[in-house]
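Each remark here refers to the structure printed beneath this line.
All residue numbers refer to positions in the sequence shown, counting from 1.
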Amino acid sequence: MSDTFQAMVIDMADAKPQAGFRQLSITDLPDHDVLVEVHYSTVNYKDGLALTGKGRIARRTPMVGGIDLAGTVVESRSDKWAPGDKVIVNGWGLSETEWGGYSRFQRLKPEWLIALPEAFSLLQAMSIGTAGYTAALCVDALEDWGTIVADDHEVLVTGAAGGVGSVAISLLANKGYNVTASTGRPETQDYLASLGASGFIDRTSLSEKGGPLQKERWAGVVDSVGSTTLANALSQTIYGGAVAACGLAAGADLPATVLPHILRGVALLGVDSVMAPMEKRIRAWQTLSKHLKPEHIETLARVEPFSKLPTLAQDIVEGKIRGRVVVEITP
């Protein structure tokens, strides 16, 4: 085991978050029960905000960034895990209140870990990552609501070319749903069609303020955008339909009315991936194991070296990244 290793650490400089590479040792890590050698992490929108300082994600500093990790257990004081176990971690406050995956080694609480599903390698698990796991939580929530199973109406996916949107399209299409993708990048349509999207809508039509009750169209919606897009999606959802909301790429505001809810019985289903209970997490990974095509995993993601992380963080905040980006922590 190396005496020191590289990590991406967020600290405060001139009262603003600033991220940079730093050498750490095992003794610098939190005193949690399971030591994991991290092979891969990911770049999510939240990671981009944290590393660029455009969002106050880290609630204390210094903070090792990275909301995802996949790796191998090296040491364990818990009888739940043993050296050699392959594990994944999503959320649980990583990069916010707990040190995260942008580090060659990390100490973690045993209750945060999930055994790597047999269907995936460590690389594939991080090709899915928090974004894909969140997409699965959204699909599970919509199916639990029931409406999208009962008819042939369209299912809308906003932010379609992003990580959540890409995996949501693949899962929904593989389950037999008629998926419409909302995107502002026409050049991504061939990619989205390859994942299973059967229709497209320009995101501008959803990002401009519309009426409180619009023409009914969507049986279900997976929304990672928020703001006016979410308000319009609610206004266009059919009677008894539901919207699973999991993101705020366009903002945290919701300029909507109660009319879709009280006149059409439309449900707004909030989906949280960070502190989701373990039973929901396990179910989401089962959904991914059963319904995410292996060839789509390769299409979804690209692998980049740890050294490129600052550039990748900037790119995802600026909307320049398609699908998923996996960061190789341990070569």
Quiz item: Name the one of Thr72, Ile26, Leu108 that satisfies side-chain contact (heavy atoms from CB on, under 4.5 Å) with Leu35?
Solution: Ile26

Self-check item: Test log, rule salt bridge (Lys or Arg N to Asp or Glu O under 4.0 Å), inputs Arg60 and Glu96
Solution: CA-CA 7 Å; Arg60 60 182 178 87; Glu96 299 179 70; over 6 Å; no

Quiz prompt | Any donor-acceptor N/O pair, Arg264 side chain to Ile238 backbone, under 3.5 Å | solution = no

Quiz item: Which atom pair, heavy atoms only, marks the closest approach of Ser103 to Phe5?
Solution: OG-CE1, 3.3 Å

Quiz prompt | Electrostatic pair Arg283:Asp144 at N-O distance under 4.0 angstrom | solution = yes

Quiz prompt | Check: Thr204 main-chain N/O paired with Asp202 side-chain donor or acceptor under 3.5 Å | solution = yes

Quiz item: Quick one: which of Glu143, Glu154, His153 gives a side chain to side chain donor-acceptor pair (under 3.5 Å) with Tyr177?
Solution: Glu143

Quiz prompt | Main-chain N/O of Val266 paired with His261 side-chain donor or acceptor, under 3.5 Å | solution = yes

Quiz item: Just wondering, more than 12 heavy atoms not from Arg281 lying within 6.0 Å of its CZ?
Solution: yes

Quiz prompt | Derivation of the side-chain hydrogen bond (donor to acceptor under 3.5 Å, both in side chains) call for Ser25 and Asp28 | solution = CA-CA 5 Å; Ser25 67; Asp28 293 321; 3.2 Å; yes

Quiz item: If you take all heavy atoms of Asp85 and Ala82, which pair is closest and at what distance?
Solution: OD2-N, 2.7 Å

Quiz item: Is the count of non-hydrogen atoms from other residues, nucleotides or ligands lying under 6.0 Å from Lys86 atom NZ greater than 12?
Solution: yes

Self-check item: Spacing of CZ belonging to Arg104 relative to CD belonging to Glu37, to within rounding of 0.5 Å
Solution: 4.5 Å

Practice problem: Report the C-alpha distance between Asp68 and Lys46 in whole Å, list the side-chain angles of each, state the deciding distance to 0.1 Å, and finish with yes or no for salt bridge (Lys or Arg N to Asp or Glu O under 4.0 Å). | Solution: CA-CA 11 Å; Asp68 277 334; Lys46 184 184 286 186; over 6 Å; no

Self-check item: Tyr239, OH atom: more than 12 neighbouring heavy atoms under 6.0 Å
Solution: no

Quiz item: Is a side-chain N or O of Tyr133 found less than 3.5 angstrom from the main chain of Ser273, in a donor-acceptor match?
Solution: yes

Quiz item: Which heavy atom of Leu300 sits nearest a heavy atom of Leu195, and at what distance?
Solution: CD2-CD1, 4.1 Å

Quiz item: So does Arg322 pair up with Glu187, basic N to acidic O under 4.0 Å?
Solution: no

Practice problem: Determine, for Asp31 against Arg77, whether the closest basic-nitrogen to carboxylate-oxygen distance falls under 4.0 angstrom. | Solution: yes

Quiz prompt | Ion pair check, Arg302 and Glu304, cut-off under 4.0 Å | solution = yes

Practice problem: Taking Thr188 for its side chain and Tyr191 for its backbone only, find out whether a donor-acceptor pair lies under 3.5 Å. | Solution: no

Quiz item: Between Lys80 and Asp33, is there a salt bridge with N-O shorter than 4.0 Å?
Solution: no

Quiz prompt | Ring center gap for Trp99 and His32 short of 6.0 angstrom | solution = no

Exercise. Write down the atom of Trp81, the atom of Val73, and the distance for their closest heavy-atom approach.
Key: CB-CG2, 4.4 Å

Quiz item: For Leu69, which of Leu122, Val38, Asn90 qualifies under side-chain contact (heavy atoms from CB on, under 4.5 Å)?
Solution: Val38

Exercise. May I ask whether Ile169 and Val155 are part of the same hydrophobic cluster, defined by side-chain heavy atoms of I, L, V, M, F, W, Y residues being less than 4.5 angstrom apart, directly or through others?
Key: yes

Practice problem: Might you point out which heavy atoms bring Thr257 and Pro212 nearest each other, and give the distance in Å? | Solution: OG1-CB, 3.4 Å

Quiz item: Do the side chain of Asp223 and the main chain of Ala245 share a donor and acceptor less than 3.5 angstrom apart?
Solution: no

Quiz item: Is Val243 reachable from Leu137 through a run of I, L, V, M, F, W or Y residues, each pair having side-chain heavy atoms under 4.5 Å apart?
Solution: no

Practice problem: Mark yes or no for whether Thr42, through its side chain, and Asn44, through its backbone, hold a donor-acceptor pair below 3.5 Å. | Solution: no

Exercise. Identify whether Leu123 and Val89 are in the same connected component of the hydrophobic contact network (ILVMFWY, side-chain heavy atoms under 4.5 Å).
Key: yes

Quiz item: Okay, side chain of Ser170, backbone of Val167: is any donor-acceptor separation there less than 3.5 Å?
Solution: no

Quiz prompt | Leu156-Val179 co-clustered via ILVMFWY side chain contacts under 4.5 Å | solution = no

Quiz item: Which heavy atom in Met275 sits nearest to a heavy atom in Trp92, and how many Å separate them?
Solution: CE-CE3, 3.8 Å

Quiz item: With hydrophobic residues grouped by side-chain heavy-atom distances under 4.5 Å, do Leu213 and Val258 end up in a single group?
Solution: yes

Quiz item: Above 12 or not: heavy atoms from other molecules or residues under 6.0 Å from NZ of Lys290?
Solution: no

